[in-house]
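Since the model is a prediction, treat every value here as computed from it, not as a measurement. Every chain is numbered from 1, with letters handed out A, B, ... down the list of sequences.
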2 protein chains.
Amino acid sequence: MNAASDRLKEARDEFVAQWGALGTQWGINRTMAQIHALLMTAPQALSTDEVMEELEVSRGNAHTNLKELVAWGLVRIVVKKGDRREYFEAEKDVWKIFITVARERKRREIDPALGVLRKCAEDSEGIDTPEGRAFCEQMRQLEEFVEFASKMADKVAAMKHGFALQMAAKLFG
Amino acid sequence: MNAASDRLKEARDEFVAQWGALGTQWGINRTMAQIHALLMTAPQALSTDEVMEELEVSRGNAHTNLKELVAWGLVRIVVKKGDRREYFEAEKDVWKIFITVARERKRREIDPALGVLRKCAEDSEGIDTPEGRAFCEQMRQLEEFVEFASKMADKVAAMKHGFALQMAAKLFG
DNA sequence: TCGTATTTTCAGTATTTACTGAAACCAATG
DNA sequence: CATTGGTTTCAGTAAATACTGAAAATACGA
């Protein structure tokens, strides 16, 4: 009974710590990843103070990263009646998490690249030397590909989980 | 004639600068992204010194990032006979670039996550409380999904460009 | 309205990551 | 086997990023 809750606490702490470490590897700051891990495995929504205590971080840090997670759409604010504090609750459905992350990364990584490539392709259009044509062609190919990726991302993000699975099964037997 | 080569230089510098800035957004260091942009748009392979001069960075920096790009598989070393220097040449085919990046990111981002999730699922197996079961179930779902993503990545990485396009067309009209 | 609980901001500081420049190393050549 | 041209390493430094803690702002209830 107590042993069970100890084991759980240990396993969960391990998950939070490891997920935090992974986060840094993918350019997400450690605290944000830890908070996400914590909330994903929390039975109920947590307050800022609970997050602070659990992870031993400052209020400012907890606050900033909670709000950042809300901005990503991975965490919701929950209000409990008769309580003035805000509570935070993570999306737990893995497919929804995936869609959210994919959409956000597209917005932050793919779309800006597309902008750059379009501009460069345009700026180099009609530079009438072999090098100029090669450069412009390279820009065009990059642009075309990134555009394709962008559209694919949109399509996938619009899928229901079941449909995605079915599709994958069909494709890859 | 001279105007054309000026315009090209300008467009290319712009691309290198912008690609570098984008790089930082996706957790790649700026110099590495800049070198990659430079080599992708270079008519021939460049030496370390040429890279240093073009980007105005130190030898150490140029060297480290060139070798890192080689480690990623995005850049090849070229030797010219009668010349003791090493030259560097980037892969220019967008599909090959994509495959390479996808494979590398899978290795660096997906596989470690899978390891963590498997361990956490295992460690929490059989914790016989409602919270314990919920935690373990969450770990399992994450694991299952990441495994699925991993397999998909492998499949896509094994595709030929033409096949991928065809498939996308079929799927999404 | 005032006092209190809570959230938000931010200047200062700590930590991490990237870069420089020079020394050490290595390999080809006379 | 010494010299030269080139590569690699790395200690020190600069720059970027993350975090703290406390003050300021805001929202609520009496």
**Student:** Salt-bridged, B:K9 to A:E131, with N to O below 4.0 Å?
**Tutor:**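 Judged by the 4.0 Å cut-off on N to carboxylate O distance, B:K9 and A:E131 do not form a salt bridge.
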**Student:** Tell me: CD of B:E56 to C1' of C:dC19, nearest whole Å?
**Tutor:**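 Between C1' of C:dC19 and CD of B:E56: 14 Å.
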**Student:** For B:V146, is there any backbone N or O sitting under 3.5 Å from a side-chain donor or acceptor partner on B:S150?
**Tutor:**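 Not at all, since once roles are kept as given, no pair shorter than 3.5 Å links the two residues.
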**Student:** Per the salt bridge (Lys or Arg N to Asp or Glu O under 4.0 Å) rule, which among A:E144, A:E137, A:E143 passes with A:R140?
**Tutor:**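 For A:R140, the salt bridge (Lys or Arg N to Asp or Glu O under 4.0 Å) check succeeds only for A:E137.
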**Student:** Hey, is the main chain of B:L38 close enough, under 3.5 Å, to the side chain of B:R12 for a donor-acceptor pair?
**Tutor:**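 Between the backbone of B:L38 and the side chain of B:R12 there is a qualifying donor-acceptor contact (under 3.5 Å).
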**Student:** Is the backbone N or O of A:R85 less than 3.5 Å from a side-chain atom of A:K80, with the two atoms forming a donor-acceptor pair by type?
**Tutor:**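 Not a single qualifying donor-acceptor pair exists.
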**Student:** Not counting sequence neighbours, which residues clear ring-ring contact (aromatic ring centres under 6.0 Å, His included) with B:F88? List them please.
**Tutor:**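 Here no residue qualifies.
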**Student:** If you measure from the Lys or Arg side-chain nitrogens to the Asp or Glu carboxylate oxygens, is any gap between B:R107 and B:E104 under 4.0 Å?
**Tutor:**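 Yes.
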**Student:** Go through the side-chain N and O atoms of A:S47 and A:E50 and say whether any donor and acceptor fall under 3.5 Å apart.
**Tutor:**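 Indeed, the side chains of A:S47 and A:E50 share at least one donor-acceptor pair under 3.5 Å.
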**Student:** Scan residues 62-70 of chain B against DNA chain C and write down, sorted by residue number, each residue with any heavy atom closer than 4.0 Å; if none is found, say none.
**Tutor:**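 DNA chain C contact set from residues 62-70 of chain B: B:N65.
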**Student:** Give the first and the last nucleotide of DNA chain D, reading 5' to 3', that has any atom under 4.0 Å from a heavy atom of chain B.
**Tutor:**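 The contacted stretch runs from D:dT4 to D:dT9.
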**Student:** Check the interface with nucleotides 1-6 of chain C: list each N/O to N/O pair with the protein under 3.5 Å, or write none.
**Tutor:**
| residue | atom | partner | partner atom | Å |
| --- | --- | --- | --- | --- |
| C:dA5 | N3 | A:R84 | NH2 | 3.3 |

**Student:** Please list, chain by chain and in numerical order, all residues satisfying ring-ring contact (aromatic ring centres under 6.0 Å, His included) with A:F98, sequence neighbours excluded.
**Tutor:**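 By the ring-ring contact (aromatic ring centres under 6.0 Å, His included) rule, A:F98 matches A:W95, B:F145.
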**Student:** Tell me, with the steps shown, if B:E125 and A:R7 meet salt bridge (charged side-chain N to carboxylate O under 4.0 Å, His left out).
**Tutor:** CA-CA 10 Å; B:E125 183 122 349; A:R7 273 185 66 201; over 6 Å; no
**Student:** Are B:D128 and B:R133 ion-paired here, with the side-chain N under 4.0 Å from a carboxylate O?
**Tutor:**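 A salt bridge is present here (some side-chain N lies under 4.0 Å from a carboxylate O).
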**Student:** Counting only heavy atoms and a strict 4.0 angstrom limit, can you tell me which residues of residues 16-54 of chain A come near DNA chain C?
**Tutor:**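 Per residue number, the list is empty: none.
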**Student:** Do A:L39 and A:V79 belong to the same hydrophobic cluster, where Ile, Leu, Val, Met, Phe, Trp and Tyr are linked whenever their side-chain heavy atoms lie under 4.5 Å apart, directly or via other members?
**Tutor:**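 Not linked; separate clusters.
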